[in-house]
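All remarks here apply to the structure that follows.
Note that ligands are numbered from 1 as they come in the structure, with each ligand's atoms numbered from 1 the same way.
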Amino acid sequence: MKGPGENGFDPDVIYITSLFTYAWKPVHEVIRYYSDKYKKARVIVGGIYATLCPDHLFETFKDRIEIYKGVVAEVEDLLPDYSLAPDWKASILFSSRGCIRNCPFCSVPVLEPEFKAKKSIRNLIYPGHKKVIFWDNNFLASPYWKDILEEVEEMKLKVDFNQGLDARLFTGETAGRLKKLKIPIIRLAYDTTRIPENQFLDS
Ligand code: SF4
């Protein structure tokens, strides 16, 4: 179902996701709406806010909800139903989860504690989409990043690395590979000041 309203059936289970912790109010509104409307249904709340701040959720909803923490492994390789958003023209995906680093200020080690990378992302590109947006926390840490970029080139997709590329893993080879892509902007993530001065002299 999509949004508040009549859906024509009584669900047994309601899954609600959540985004960044500061955006908790809309999540509470949705939980309140659906848990009041379908009093017999299980209500399972997951996502970033639910994983990082379960106590904050329980304070309000106590026994009415169940909390799911972390990534749902069963849907990692499923193509989202983009027909629900016909005006959206880009496929969003993670080619990897987690991160090889453990920065003390970052929530990724809590949200996705294990670093896992896919060998291929072809199955996650929606037919007709001409652009891919990577939400990887650390794309260049994947042992398959070159394979993934080859696929992107073959599919002639525009590319957006939304989360930034790890500056510590950026080399002359990386720059050469990226140069071949349709990529209007490159974001770099500088998560430490300890980057060697000669890092970029390998090309
Ligand atoms: S490198 Fe980035 S994603 Fe990885 S732990 Fe550090 S801040 Fe988080």
*Sequence neighbours excluded - side-chain hydrogen bond (donor to acceptor under 3.5 Å, both in side chains) pairs with any residue from residues 129-143*: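 Residue pairs with at least one partner in residues 129-143: Ser91-His129, Ser95-Asp136, Ser96-Asp136, Glu112-Asn137, Asn138-Asp166.
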
*Between Lys69 (side chain) and Leu52 (backbone), is there a donor-acceptor pair under 3.5 Å?*
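Side chain of Lys69 to backbone of Leu52, a donor-acceptor pair under 3.5 Å: no, none is there.
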
_So, at under 2.8 Å, which protein N, O or S atoms would a careful student list around atom 8 (Fe) of ligand 1?_
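Protein N/O/S atoms under 2.8 Å of atom 8 (Fe) of ligand 1: Cys106 SG.
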
*Could you list the residues that satisfy side-chain contact (heavy atoms from CB on, under 4.5 Å) with Ala41, not counting sequence neighbours?*
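With sequence neighbours excluded, Ala41 shows a side-chain contact (heavy atoms from CB on, under 4.5 Å) to Ile14, Tyr38, given in chain and number order.
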
*Got a sec, which hydrophobics cluster with Phe105, joining ILVMFWY side chains under 4.5 Å apart, including via others?*
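Taking Ile, Leu, Val, Met, Phe, Trp and Tyr as members, Phe105 stands alone, with no cluster partners.
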
*Output yes when Arg97 and Glu114 qualify as a salt bridge under the 4.0 Å nitrogen-oxygen rule, no when they do not.*
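Not counted as a salt bridge, because no side-chain N and carboxylate O are separated by less than 4.0 Å.
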
*Donor + acceptor pair across side chains of His28, Tyr49 (<3.5 Å)*: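 Yes, Tyr49 and His28 have a side-chain donor paired with an acceptor closer than 3.5 Å.
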
